[in-house]
Q: 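The structure that follows is given in the form of C-alpha coordinates.
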Number of protein chains: 2
Amino acid sequence: MSDAYYLHLTDRLRDLIQDPEAFEDDRLPSERVLAERFHTTRVTLRQALAQLEGEGRIHRSNRRGWFVSPPRLDYDPTRDAGFNDYVKAQGRRPRTEVLLTDIRPHRPAAEALGLPLDQPFHHIRRRRFVDDRAVLSESLWVVPERAPQLLEGDFTHSLWGQLRGRWGLTLAHRSLRLYSEAIREQEAEELGVAAGTAGLCVRRTILDEQRRPVEYDEEHWLHNALCIAVELENSV
Amino acid sequence: MSDAYYLHLTDRLRDLIQDPEAFEDDRLPSERVLAERFHTTRVTLRQALAQLEGEGRIHRSNRRGWFVSPPRLDYDPTRDAGFNDYVKAQGRRPRTEVLLTDIRPHRPAAEALGLPLDQPFHHIRRRRFVDDRAVLSESLWVVPERAPQLLEGDFTHSLWGQLRGRWGLTLAHRSLRLYSEAIREQEAEELGVAAGTAGLCVRRTILDEQRRPVEYDEEHWLHNALCIAVELENSV
DNA sequence: TAGTGGTCTAGACCACTCT
DNA sequence: GAGTGGTCTAGACCACTAC
(Lines give C-alpha, C1' and ligand atoms only; values in the text may rest on other atoms or scores of the structure.)
Protein backbone atom coordinates (compact mmCIF):
# COMPACT_ATOMS: atom_id res chain seq x y z
CA MET A 1 0.00 0.00 0.00
CA SER A 2 2.46 2.60 1.16
CA ASP A 3 6.08 2.77 0.11
CA ALA A 4 7.09 5.83 2.09
CA TYR A 5 10.82 6.02 2.64
CA TYR A 6 10.42 6.29 6.39
CA LEU A 7 8.71 2.90 6.46
CA HIS A 8 11.62 1.41 4.59
CA LEU A 9 13.90 3.09 7.12
CA THR A 10 11.82 1.62 9.91
CA ASP A 11 12.37 -1.86 8.52
CA ARG A 12 16.11 -1.40 8.24
CA LEU A 13 16.40 0.05 11.73
CA ARG A 14 14.26 -2.77 13.07
CA ASP A 15 16.73 -5.26 11.63
CA LEU A 16 19.63 -3.34 13.11
CA ILE A 17 18.02 -3.31 16.52
CA GLN A 18 17.37 -7.01 16.52
CA ASP A 19 21.08 -7.69 16.41
CA PRO A 20 21.91 -7.62 20.12
CA GLU A 21 25.55 -6.82 19.39
CA ALA A 22 24.77 -3.88 17.14
CA PHE A 23 25.38 -1.11 19.67
CA GLU A 24 27.03 -0.70 22.97
CA ASP A 25 24.76 0.02 25.91
CA ASP A 26 21.73 -0.57 23.69
CA ARG A 27 22.14 3.03 22.66
CA LEU A 28 21.42 3.99 19.08
CA PRO A 29 23.72 6.31 17.15
CA SER A 30 22.63 9.94 17.16
CA GLU A 31 19.84 11.11 14.89
CA ARG A 32 22.26 13.15 12.83
CA VAL A 33 24.55 10.19 12.25
CA LEU A 34 21.66 7.91 11.33
CA ALA A 35 20.15 10.51 9.02
CA GLU A 36 23.43 10.82 7.16
CA ARG A 37 23.97 7.06 7.02
CA PHE A 38 20.55 6.60 5.42
CA HIS A 39 20.82 9.64 3.15
CA THR A 40 17.84 11.47 4.55
CA THR A 41 16.96 14.33 6.86
CA ARG A 42 16.43 14.24 10.59
CA VAL A 43 12.71 14.84 10.15
CA THR A 44 12.22 11.69 8.09
CA LEU A 45 14.55 9.70 10.29
CA ARG A 46 12.58 10.77 13.34
CA GLN A 47 9.39 9.53 11.71
CA ALA A 48 10.98 6.10 11.48
CA LEU A 49 12.16 6.28 15.09
CA ALA A 50 8.70 7.33 16.22
CA GLN A 51 7.27 4.32 14.41
CA LEU A 52 9.62 1.96 16.24
CA GLU A 53 8.82 3.73 19.48
CA GLY A 54 5.13 3.04 18.86
CA GLU A 55 5.95 -0.60 18.29
CA GLY A 56 7.66 -0.60 21.66
CA ARG A 57 11.06 -1.52 20.24
CA ILE A 58 12.96 1.61 21.21
CA HIS A 59 12.51 4.43 23.67
CA ARG A 60 14.15 7.73 24.43
CA SER A 61 15.45 9.18 27.60
CA ASN A 62 14.82 12.91 27.57
CA ARG A 63 17.55 14.55 25.47
CA ARG A 64 19.96 11.71 26.16
CA GLY A 65 19.30 9.58 23.15
CA TRP A 66 17.45 6.56 21.82
CA PHE A 67 17.79 3.12 23.35
CA VAL A 68 16.76 -0.38 22.39
CA SER A 69 13.90 -1.35 24.69
CA PRO A 70 14.20 -4.50 26.80
CA PRO A 71 11.42 -7.10 26.69
CA ARG A 72 8.16 -6.05 28.28
CA LEU A 73 7.49 -6.94 31.86
CA ASP A 74 4.57 -9.28 32.47
CA TYR A 75 2.27 -7.74 35.04
CA ASP A 76 -0.93 -9.00 36.58
CA PRO A 77 -2.78 -6.06 38.18
CA THR A 78 -5.34 -8.40 39.74
CA ARG A 79 -2.77 -10.00 42.01
CA ASP A 80 -0.53 -8.77 44.72
CA ALA A 81 2.60 -10.66 43.90
CA GLY A 82 4.53 -7.52 44.87
CA PHE A 83 6.49 -5.54 42.31
CA ASN A 84 9.84 -6.69 43.65
CA ASP A 85 8.81 -10.33 43.47
CA TYR A 86 7.43 -10.49 39.98
CA VAL A 87 10.19 -8.36 38.52
CA LYS A 88 12.83 -10.64 40.05
CA ALA A 89 10.89 -13.72 38.96
CA GLN A 90 11.34 -12.50 35.39
CA GLY A 91 15.07 -12.16 35.82
CA ARG A 92 15.03 -8.37 36.04
CA ARG A 93 16.23 -5.97 38.69
CA PRO A 94 13.51 -4.03 40.57
CA ARG A 95 13.90 -0.81 42.53
CA THR A 96 11.36 1.39 44.27
CA GLU A 97 11.62 5.01 45.36
CA VAL A 98 9.08 6.53 47.69
CA LEU A 99 8.59 10.09 46.45
CA LEU A 100 6.06 11.26 49.00
CA THR A 101 3.82 10.21 51.83
CA ASP A 102 1.16 12.43 53.33
CA ILE A 103 -2.44 12.64 54.41
CA ARG A 104 -4.90 14.49 52.24
CA PRO A 105 -8.25 14.32 50.50
CA HIS A 106 -8.29 13.28 46.86
CA ARG A 107 -11.39 13.66 44.81
CA PRO A 108 -10.99 10.77 42.32
CA ALA A 109 -10.22 8.39 45.19
CA ALA A 110 -13.23 9.58 47.16
CA GLU A 111 -15.50 9.21 44.14
CA ALA A 112 -14.21 5.78 43.26
CA LEU A 113 -14.61 4.52 46.81
CA GLY A 114 -17.94 6.24 47.42
CA LEU A 115 -16.69 8.46 50.24
CA PRO A 116 -17.25 12.16 50.96
CA LEU A 117 -15.08 14.39 48.81
CA ASP A 118 -13.26 15.82 51.84
CA GLN A 119 -12.36 12.37 53.16
CA PRO A 120 -8.63 12.38 53.98
CA PHE A 121 -6.49 9.45 52.79
CA HIS A 122 -3.11 8.05 53.54
CA HIS A 123 -1.32 8.94 50.35
CA ILE A 124 1.83 7.30 49.02
CA ARG A 125 3.54 8.23 45.80
CA ARG A 126 6.35 6.15 44.41
CA ARG A 127 8.45 5.55 41.35
CA ARG A 128 9.52 2.10 40.29
CA PHE A 129 12.42 0.93 38.16
CA VAL A 130 13.21 -2.15 36.17
CA ASP A 131 16.92 -2.59 35.47
CA ASP A 132 17.43 1.08 36.44
CA ARG A 133 14.89 2.34 33.94
CA ALA A 134 12.01 4.22 35.54
CA VAL A 135 8.90 2.60 34.11
CA LEU A 136 6.12 3.36 36.58
CA SER A 137 4.88 6.31 38.58
CA GLU A 138 2.07 5.54 40.98
CA SER A 139 -0.03 7.02 43.74
CA LEU A 140 -2.00 5.08 46.33
CA TRP A 141 -4.76 6.39 48.57
CA VAL A 142 -5.70 4.23 51.56
CA VAL A 143 -8.68 4.78 53.84
CA PRO A 144 -7.08 5.60 57.23
CA GLU A 145 -9.66 3.65 59.27
CA ARG A 146 -8.67 0.47 57.47
CA ALA A 147 -4.96 0.83 58.18
CA PRO A 148 -4.01 3.20 61.01
CA GLN A 149 -0.30 3.97 61.35
CA LEU A 150 0.15 2.86 57.76
CA LEU A 151 2.45 5.75 57.00
CA GLU A 152 4.97 4.60 59.60
CA GLY A 153 5.76 1.53 57.51
CA ASP A 154 8.18 0.87 54.68
CA PHE A 155 6.74 1.36 51.22
CA THR A 156 9.50 0.03 49.08
CA HIS A 157 7.67 -3.29 49.33
CA SER A 158 4.19 -4.55 48.59
CA LEU A 159 1.40 -2.44 50.02
CA TRP A 160 -1.26 -5.12 49.62
CA GLY A 161 0.98 -7.53 51.47
CA GLN A 162 1.07 -5.11 54.40
CA LEU A 163 -2.66 -4.50 54.33
CA ARG A 164 -3.20 -8.23 54.59
CA GLY A 165 -0.43 -8.95 57.05
CA ARG A 166 -0.66 -6.03 59.46
CA TRP A 167 -4.39 -5.33 59.37
CA GLY A 168 -5.83 -8.66 58.24
CA LEU A 169 -7.64 -7.03 55.36
CA THR A 170 -9.07 -9.13 52.57
CA LEU A 171 -8.98 -7.31 49.27
CA ALA A 172 -12.11 -9.01 48.09
CA HIS A 173 -13.68 -6.68 45.54
CA ARG A 174 -11.36 -5.26 42.95
CA SER A 175 -12.41 -2.97 40.18
CA LEU A 176 -9.87 -2.24 37.46
CA ARG A 177 -9.82 0.36 34.76
CA LEU A 178 -7.10 0.38 32.19
CA TYR A 179 -6.53 2.65 29.23
CA SER A 180 -3.87 4.20 27.07
CA GLU A 181 -2.95 7.79 27.80
CA ALA A 182 -0.45 10.53 27.13
CA ILE A 183 1.81 10.90 30.14
CA ARG A 184 1.37 14.22 31.90
CA GLU A 185 4.04 16.70 32.88
CA GLN A 186 4.57 15.59 36.46
CA GLU A 187 4.73 11.87 35.78
CA ALA A 188 6.83 12.49 32.68
CA GLU A 189 9.38 14.33 34.75
CA GLU A 190 9.46 11.54 37.30
CA LEU A 191 9.99 8.99 34.56
CA GLY A 192 12.56 11.02 32.66
CA VAL A 193 10.54 11.21 29.45
CA ALA A 194 8.90 13.99 27.47
CA ALA A 195 5.37 14.99 28.44
CA GLY A 196 2.95 13.40 26.01
CA THR A 197 4.86 10.13 25.77
CA ALA A 198 2.54 7.18 25.31
CA GLY A 199 1.56 5.53 28.57
CA LEU A 200 -0.80 3.00 30.03
CA CYS A 201 -2.87 3.98 33.05
CA VAL A 202 -4.16 1.39 35.50
CA ARG A 203 -6.65 2.48 38.14
CA ARG A 204 -7.82 0.16 40.89
CA THR A 205 -10.55 0.42 43.47
CA ILE A 206 -10.44 -2.08 46.32
CA LEU A 207 -13.13 -3.03 48.83
CA ASP A 208 -12.82 -5.62 51.59
CA GLU A 209 -15.07 -8.61 52.19
CA GLN A 210 -17.72 -6.46 53.87
CA ARG A 211 -17.59 -4.08 50.91
CA ARG A 212 -15.89 -1.42 53.00
CA PRO A 213 -13.66 0.90 50.95
CA VAL A 214 -9.97 0.13 51.41
CA GLU A 215 -7.82 1.61 48.73
CA TYR A 216 -7.66 3.41 45.40
CA ASP A 217 -4.59 3.70 43.24
CA GLU A 218 -3.39 5.01 39.91
CA GLU A 219 -0.43 3.63 38.03
CA HIS A 220 1.17 5.36 35.07
CA TRP A 221 3.36 3.01 33.06
CA LEU A 222 5.52 3.68 30.05
CA HIS A 223 3.46 2.04 27.35
CA ASN A 224 6.16 -0.25 26.04
CA ALA A 225 7.42 -1.39 29.43
CA LEU A 226 4.70 -3.89 30.17
CA CYS A 227 2.31 -6.54 29.04
CA ILE A 228 -0.78 -7.00 31.18
CA ALA A 229 -1.21 -10.73 31.80
CA VAL A 230 -4.22 -12.03 33.68
CA GLU A 231 -5.26 -15.60 34.44
CA LEU A 232 -8.88 -16.26 35.37
CA GLU A 233 -10.72 -19.37 36.52
CA ASN A 234 -14.45 -20.10 36.15
CA SER A 235 -17.42 -17.74 36.25
CA VAL A 236 -18.12 -15.83 33.09
CA MET B 1 9.10 23.20 32.41
CA SER B 2 8.52 23.38 28.69
CA ASP B 3 6.92 26.29 26.90
CA ALA B 4 7.07 24.97 23.37
CA TYR B 5 4.57 26.65 21.11
CA TYR B 6 3.00 23.38 20.06
CA LEU B 7 2.08 22.68 23.69
CA HIS B 8 0.37 26.04 23.89
CA LEU B 9 -1.41 25.17 20.65
CA THR B 10 -2.41 21.83 22.15
CA ASP B 11 -4.05 23.64 25.05
CA ARG B 12 -5.97 25.98 22.79
CA LEU B 13 -7.13 23.20 20.52
CA ARG B 14 -8.15 21.15 23.55
CA ASP B 15 -10.36 24.01 24.66
CA LEU B 16 -11.84 24.31 21.19
CA ILE B 17 -12.61 20.61 21.06
CA GLN B 18 -14.36 20.61 24.39
CA ASP B 19 -17.00 22.92 23.03
CA PRO B 20 -19.43 20.42 21.54
CA GLU B 21 -20.84 23.04 19.19
CA ALA B 22 -17.47 24.08 17.83
CA PHE B 23 -17.59 22.12 14.59
CA GLU B 24 -20.09 20.37 12.47
CA ASP B 25 -19.78 16.60 12.25
CA ASP B 26 -17.08 16.70 14.94
CA ARG B 27 -14.70 17.40 12.10
CA LEU B 28 -11.81 19.78 12.70
CA PRO B 29 -10.90 22.45 10.15
CA SER B 30 -8.13 21.44 7.78
CA GLU B 31 -4.52 21.52 8.92
CA ARG B 32 -3.75 24.40 6.57
CA VAL B 33 -6.59 26.48 7.92
CA LEU B 34 -5.65 25.78 11.53
CA ALA B 35 -1.97 26.50 10.86
CA GLU B 36 -2.88 29.87 9.40
CA ARG B 37 -5.29 30.67 12.19
CA PHE B 38 -2.61 30.02 14.79
CA HIS B 39 0.17 31.69 12.82
CA THR B 40 2.36 28.67 12.51
CA THR B 41 3.36 25.99 10.03
CA ARG B 42 1.69 22.70 9.35
CA VAL B 43 4.58 20.82 10.96
CA THR B 44 4.12 22.52 14.31
CA LEU B 45 0.38 22.30 14.11
CA ARG B 46 0.63 18.58 13.43
CA GLN B 47 2.75 18.18 16.54
CA ALA B 48 -0.10 19.64 18.54
CA LEU B 49 -2.63 17.39 16.79
CA ALA B 50 -0.44 14.35 17.45
CA GLN B 51 -0.37 15.30 21.12
CA LEU B 52 -4.16 15.42 21.28
CA GLU B 53 -4.32 12.16 19.37
CA GLY B 54 -2.11 10.58 22.03
CA GLU B 55 -4.44 11.89 24.69
CA GLY B 56 -7.26 10.16 22.87
CA ARG B 57 -9.16 13.39 22.22
CA ILE B 58 -9.04 13.39 18.44
CA HIS B 59 -8.39 10.85 15.72
CA ARG B 60 -7.89 10.88 11.99
CA SER B 61 -9.50 8.92 9.28
CA ASN B 62 -6.93 8.21 6.60
CA ARG B 63 -6.59 11.32 4.41
CA ARG B 64 -10.10 12.43 5.26
CA GLY B 65 -9.37 14.69 8.16
CA TRP B 66 -9.28 15.00 11.93
CA PHE B 67 -12.27 14.31 14.13
CA VAL B 68 -13.18 14.83 17.74
CA SER B 69 -13.17 11.42 19.39
CA PRO B 70 -16.30 10.21 21.19
CA PRO B 71 -16.05 8.91 24.77
CA ARG B 72 -14.24 5.62 25.18
CA LEU B 73 -16.21 2.42 25.22
CA ASP B 74 -16.06 0.42 28.46
CA TYR B 75 -15.06 -3.13 27.67
CA ASP B 76 -14.58 -6.14 29.91
CA PRO B 77 -12.56 -8.77 28.04
CA THR B 78 -13.11 -11.31 30.81
CA ARG B 79 -16.82 -11.52 30.14
CA ASP B 80 -18.91 -12.49 27.19
CA ALA B 81 -21.54 -9.83 27.33
CA GLY B 82 -21.42 -9.75 23.53
CA PHE B 83 -20.17 -6.74 21.64
CA ASN B 84 -23.63 -5.75 20.44
CA ASP B 85 -25.03 -5.87 23.96
CA TYR B 86 -22.44 -3.83 25.80
CA VAL B 87 -22.17 -1.26 23.06
CA LYS B 88 -25.94 -0.75 23.10
CA ALA B 89 -25.95 -0.71 26.89
CA GLN B 90 -23.69 2.32 26.70
CA GLY B 91 -26.01 4.12 24.35
CA ARG B 92 -23.90 3.56 21.26
CA ARG B 93 -24.62 1.91 17.95
CA PRO B 94 -22.76 -1.37 17.27
CA ARG B 95 -22.15 -3.04 13.92
CA THR B 96 -20.19 -6.11 12.96
CA GLU B 97 -18.82 -7.18 9.60
CA VAL B 98 -17.53 -10.67 9.04
CA LEU B 99 -14.52 -10.31 6.76
CA LEU B 100 -13.56 -13.92 6.40
CA THR B 101 -14.23 -17.44 7.61
CA ASP B 102 -12.05 -20.40 6.78
CA ILE B 103 -10.23 -23.39 8.18
CA ARG B 104 -6.49 -23.26 8.57
CA PRO B 105 -3.60 -23.78 10.93
CA HIS B 106 -2.31 -20.77 12.83
CA ARG B 107 0.93 -20.95 14.71
CA PRO B 108 0.26 -18.44 17.54
CA ALA B 109 -3.09 -20.10 18.25
CA ALA B 110 -1.54 -23.56 18.28
CA GLU B 111 1.23 -22.42 20.61
CA ALA B 112 -1.12 -20.63 22.98
CA LEU B 113 -3.45 -23.63 23.17
CA GLY B 114 -0.67 -26.22 23.36
CA LEU B 115 -1.61 -27.96 20.11
CA PRO B 116 0.52 -29.20 17.21
CA LEU B 117 1.58 -26.41 14.87
CA ASP B 118 -0.27 -27.91 11.93
CA GLN B 119 -3.55 -28.12 13.88
CA PRO B 120 -6.29 -26.61 11.70
CA PHE B 121 -8.72 -24.15 13.29
CA HIS B 122 -12.05 -22.66 12.46
CA HIS B 123 -11.00 -19.11 11.72
CA ILE B 124 -13.24 -16.06 11.79
CA ARG B 125 -12.10 -12.55 11.06
CA ARG B 126 -14.35 -9.59 11.68
CA ARG B 127 -14.42 -5.86 11.94
CA ARG B 128 -16.55 -4.04 14.47
CA PHE B 129 -17.94 -0.53 14.52
CA VAL B 130 -19.20 1.84 17.16
CA ASP B 131 -21.40 4.60 15.77
CA ASP B 132 -20.08 3.79 12.29
CA ARG B 133 -16.47 4.20 13.29
CA ALA B 134 -14.39 1.04 12.82
CA VAL B 135 -12.67 0.53 16.14
CA LEU B 136 -11.76 -3.15 16.28
CA SER B 137 -10.31 -5.77 13.96
CA GLU B 138 -10.25 -9.28 15.37
CA SER B 139 -9.51 -12.86 14.48
CA LEU B 140 -10.74 -15.92 16.33
CA TRP B 141 -9.43 -19.46 16.06
CA VAL B 142 -11.63 -22.22 17.44
CA VAL B 143 -10.62 -25.87 17.90
CA PRO B 144 -12.90 -27.73 15.44
CA GLU B 145 -13.48 -30.70 17.77
CA ARG B 146 -15.05 -28.39 20.34
CA ALA B 147 -17.50 -26.82 17.92
CA PRO B 148 -18.17 -28.76 14.72
CA GLN B 149 -20.23 -26.94 12.09
CA LEU B 150 -19.31 -23.68 13.76
CA LEU B 151 -18.66 -21.98 10.45
CA GLU B 152 -22.25 -22.52 9.33
CA GLY B 153 -23.47 -20.09 11.96
CA ASP B 154 -23.90 -16.34 12.09
CA PHE B 155 -20.92 -14.43 13.42
CA THR B 156 -22.31 -10.97 13.66
CA HIS B 157 -23.21 -11.92 17.23
CA SER B 158 -21.40 -13.24 20.26
CA LEU B 159 -19.16 -16.21 19.59
CA TRP B 160 -18.87 -17.21 23.24
CA GLY B 161 -22.62 -17.20 23.51
CA GLN B 162 -22.80 -19.71 20.67
CA LEU B 163 -20.06 -21.90 22.13
CA ARG B 164 -22.04 -22.09 25.35
CA GLY B 165 -25.46 -22.38 23.78
CA ARG B 166 -24.86 -24.74 20.85
CA TRP B 167 -22.07 -26.91 22.26
CA GLY B 168 -22.52 -26.55 26.00
CA LEU B 169 -18.95 -25.41 26.46
CA THR B 170 -17.85 -23.80 29.69
CA LEU B 171 -15.15 -21.25 29.11
CA ALA B 172 -13.56 -21.97 32.45
CA HIS B 173 -9.91 -21.03 32.10
CA ARG B 174 -9.21 -17.72 30.50
CA SER B 175 -5.78 -16.31 29.97
CA LEU B 176 -5.52 -12.68 28.84
CA ARG B 177 -2.62 -10.72 27.48
CA LEU B 178 -2.99 -7.06 26.80
CA TYR B 179 -0.47 -4.54 25.50
CA SER B 180 -0.11 -1.40 23.48
CA GLU B 181 1.03 -1.80 19.91
CA ALA B 182 1.42 -0.05 16.58
CA ILE B 183 -1.34 -1.20 14.26
CA ARG B 184 -0.02 -3.19 11.32
CA GLU B 185 -0.75 -2.65 7.65
CA GLN B 186 -3.60 -5.14 7.27
CA GLU B 187 -5.51 -4.13 10.38
CA ALA B 188 -4.85 -0.46 9.64
CA GLU B 189 -6.44 -0.81 6.24
CA GLU B 190 -9.45 -2.56 7.73
CA LEU B 191 -9.84 0.21 10.30
CA GLY B 192 -9.27 3.05 7.85
CA VAL B 193 -6.25 4.45 9.67
CA ALA B 194 -2.56 4.82 8.85
CA ALA B 195 -0.28 1.88 9.60
CA GLY B 196 1.56 2.56 12.83
CA THR B 197 -1.41 4.19 14.54
CA ALA B 198 -1.45 3.49 18.27
CA GLY B 199 -3.49 0.43 19.17
CA LEU B 200 -4.28 -1.88 22.01
CA CYS B 201 -3.97 -5.61 21.45
CA VAL B 202 -5.96 -8.10 23.51
CA ARG B 203 -5.14 -11.79 23.15
CA ARG B 204 -7.15 -14.49 24.85
CA THR B 205 -6.64 -18.20 25.33
CA ILE B 206 -9.63 -20.21 26.49
CA LEU B 207 -9.81 -23.73 27.92
CA ASP B 208 -12.93 -25.52 29.08
CA GLU B 209 -13.60 -27.07 32.49
CA GLN B 210 -11.54 -30.15 31.65
CA ARG B 211 -8.72 -27.92 30.49
CA ARG B 212 -9.30 -28.83 26.88
CA PRO B 213 -8.30 -26.08 24.42
CA VAL B 214 -11.29 -24.23 23.03
CA GLU B 215 -10.38 -20.94 21.47
CA TYR B 216 -7.70 -18.34 20.88
CA ASP B 217 -8.33 -14.81 19.66
CA GLU B 218 -6.60 -11.55 18.93
CA GLU B 219 -8.28 -8.16 19.05
CA HIS B 220 -6.74 -5.01 17.65
CA TRP B 221 -8.44 -1.89 18.98
CA LEU B 222 -7.83 1.74 18.18
CA HIS B 223 -6.09 2.86 21.33
CA ASN B 224 -8.44 5.70 22.16
CA ALA B 225 -11.65 3.83 21.47
CA LEU B 226 -11.80 1.87 24.68
CA CYS B 227 -11.28 1.62 28.40
CA ILE B 228 -10.72 -1.87 29.74
CA ALA B 229 -12.95 -2.30 32.80
CA VAL B 230 -12.80 -5.44 34.88
CA GLU B 231 -14.63 -6.34 38.09
CA LEU B 232 -13.22 -9.15 40.22
CA GLU B 233 -14.46 -10.87 43.35
CA ASN B 234 -12.35 -12.67 45.98
CA SER B 235 -9.19 -14.73 45.59
CA VAL B 236 -5.99 -12.73 45.29
C1' DT C 1 32.19 22.79 25.66
C1' DA C 2 30.71 19.50 22.39
C1' DG C 3 27.01 16.75 21.30
C1' DT C 4 22.24 15.34 21.92
C1' DG C 5 17.42 15.48 21.09
C1' DG C 6 13.46 19.11 20.96
C1' DT C 7 11.40 22.55 18.35
C1' DC C 8 10.48 25.26 14.36
C1' DT C 9 10.41 27.50 9.48
C1' DA C 10 8.78 27.79 4.68
C1' DG C 11 8.32 25.75 1.46
C1' DA C 12 7.32 21.23 -1.99
C1' DC C 13 5.06 17.15 -4.27
C1' DC C 14 2.15 13.01 -3.85
C1' DA C 15 -1.91 9.83 -3.01
C1' DC C 16 -6.15 9.84 -1.86
C1' DT C 17 -11.19 11.43 -0.91
C1' DC C 18 -15.06 14.01 -2.01
C1' DT C 19 -18.33 15.88 -5.16
C1' DG D 1 -10.72 19.04 -10.09
C1' DA D 2 -10.32 20.92 -5.63
C1' DG D 3 -9.08 19.91 -1.19
C1' DT D 4 -7.27 16.80 2.29
C1' DG D 5 -3.72 14.63 4.92
C1' DG D 6 0.94 12.10 4.12
C1' DT D 7 5.59 12.63 3.14
C1' DC D 8 9.83 15.03 2.53
C1' DT D 9 13.72 18.70 2.07
C1' DA D 10 17.41 21.62 4.02
C1' DG D 11 18.21 24.15 6.82
C1' DA D 12 17.99 26.81 11.93
C1' DC D 13 18.21 27.75 17.03
C1' DC D 14 17.42 26.14 21.78
C1' DA D 15 17.68 23.42 26.24
C1' DC D 16 19.74 20.04 28.16
C1' DT D 17 23.27 16.12 29.12
C1' DA D 18 27.73 14.32 29.50
C1' DC D 19 32.42 15.14 29.96
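Each chain gets a letter, A, B and so on, in the order its sequence line appears, and its residues count up from 1.
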Q: Going by side chain to side chain donor-acceptor pair (under 3.5 Å), name the residues that satisfy it together with Q47(B), two or more places apart in sequence or in a different chain.
A: none
Q: Nearest whole Å is fine: how far is dC8(D) P from L45(A) CG?
A: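 L45(A) atom CG is separated from dC8(D) atom P by 11 Å.
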Q: Without decimals, in angstroms, what is the distance between R42(B) CZ and dT9(D) C1'?
A: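 Result: 14 Å.
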Q: When you compare the side chains of S137(B) and E190(B), does any donor N or O come within less than 3.5 Å of an acceptor on the partner?
A: yes
Q: Taking only nitrogen or oxygen atoms into account, show me every contact under 3.5 Å that the protein makes with nucleotides 17-19 of chain D, one pair per line with its distance.
A:
residue: dA18(D); atom: OP1; partner: R64(A); partner atom: NE; Å: 3.4
residue: dA18(D); atom: OP1; partner: R64(A); partner atom: NH1; Å: 3.0

Q: Y6(B) OH to dC14(D) C1': how many Å, rounded?
A: 14 Å
Q: Would one find a side-chain N or O of R46(A) under 4.0 angstrom from OP1 or OP2 of dG6(C)?
A: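 For R46(A), the contact criterion (side-chain N or O under 4.0 Å from OP1 or OP2 of dG6(C)) is met.
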Q: Start at the 5' end of DNA chain D and walk down; is the nucleotide closest to R32(A) or to Y5(A) reached first?
A: Y5(A)
Q: Which label fits Y5(A) and H8(A): parallel for a plane angle under 30°, tilted from 30 to 60°, or perpendicular past 60°?
A: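 If you compare the ring of Y5(A) with that of H8(A), the planes turn out tilted.
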Q: Taking only Lys NZ, Arg NE, NH1 and NH2, and the carboxylate oxygens of Asp or Glu, determine whether D102(B) and R125(B) approach each other closer than 4.0 Å.
A: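 So D102(B) does not pair with R125(B) through a salt bridge.
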Q: What's the CH2-C1' distance between W66(B) and dT4(D), to the nearest Å?
A: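 Value for this atom pair: 12 Å.
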Q: Mind telling me whether H123(B) and H106(B) have parallel, tilted or perpendicular rings, with 30° and 60° as the class edges?
A: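 Parallel.
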Q: Does the pair D11(B)/R14(B) count as a salt bridge with the N-to-O cut at 4.0 Å?
A: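 R14(B) and D11(B): salt-bridged.
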Q: Measure from CD on E36(A) to P on dT4(C) and round the result to the nearest Å.
A: 12 Å
Q: E31(B) has an atom CD; how far is it from atom C1' of dC16(C), in whole Å?
A: 14 Å
Q: Under 4.0 Å between a side-chain N/O of T41(A) and OP1 or OP2 of dG11(D), yes or no?
A: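 No, outside the criterion.
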Q: Of all the choices, dT9(D), dT7(C), dG6(D), which nucleotide is nearest to the side chain of T44(A) once you look at every atom?
A: dT9(D)
Q: Could you state the atom-to-atom distance from CD of E189(A) to P of dC16(D) in whole Å?
A: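 Spelled out: CD on E189(A) to P on dC16(D) is 10 Å.
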Q: Nearest whole Å is fine: how far is dG6(C) C1' from Q51(B) CD?
A: 12 Å
Q: What residues, two or more places apart in sequence or in another chain, satisfy ring pair (Phe, Tyr, Trp, His ring centres under 6.0 Å) together with Y216(A)?
A: W141(A)
Q: Classify the nucleic acid contact of S30(A) as base, sugar-phosphate or nothing, counting any heavy atom under 4.0 Å across all strands shown.
A: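 Contact class for S30(A): sugar-phosphate only.
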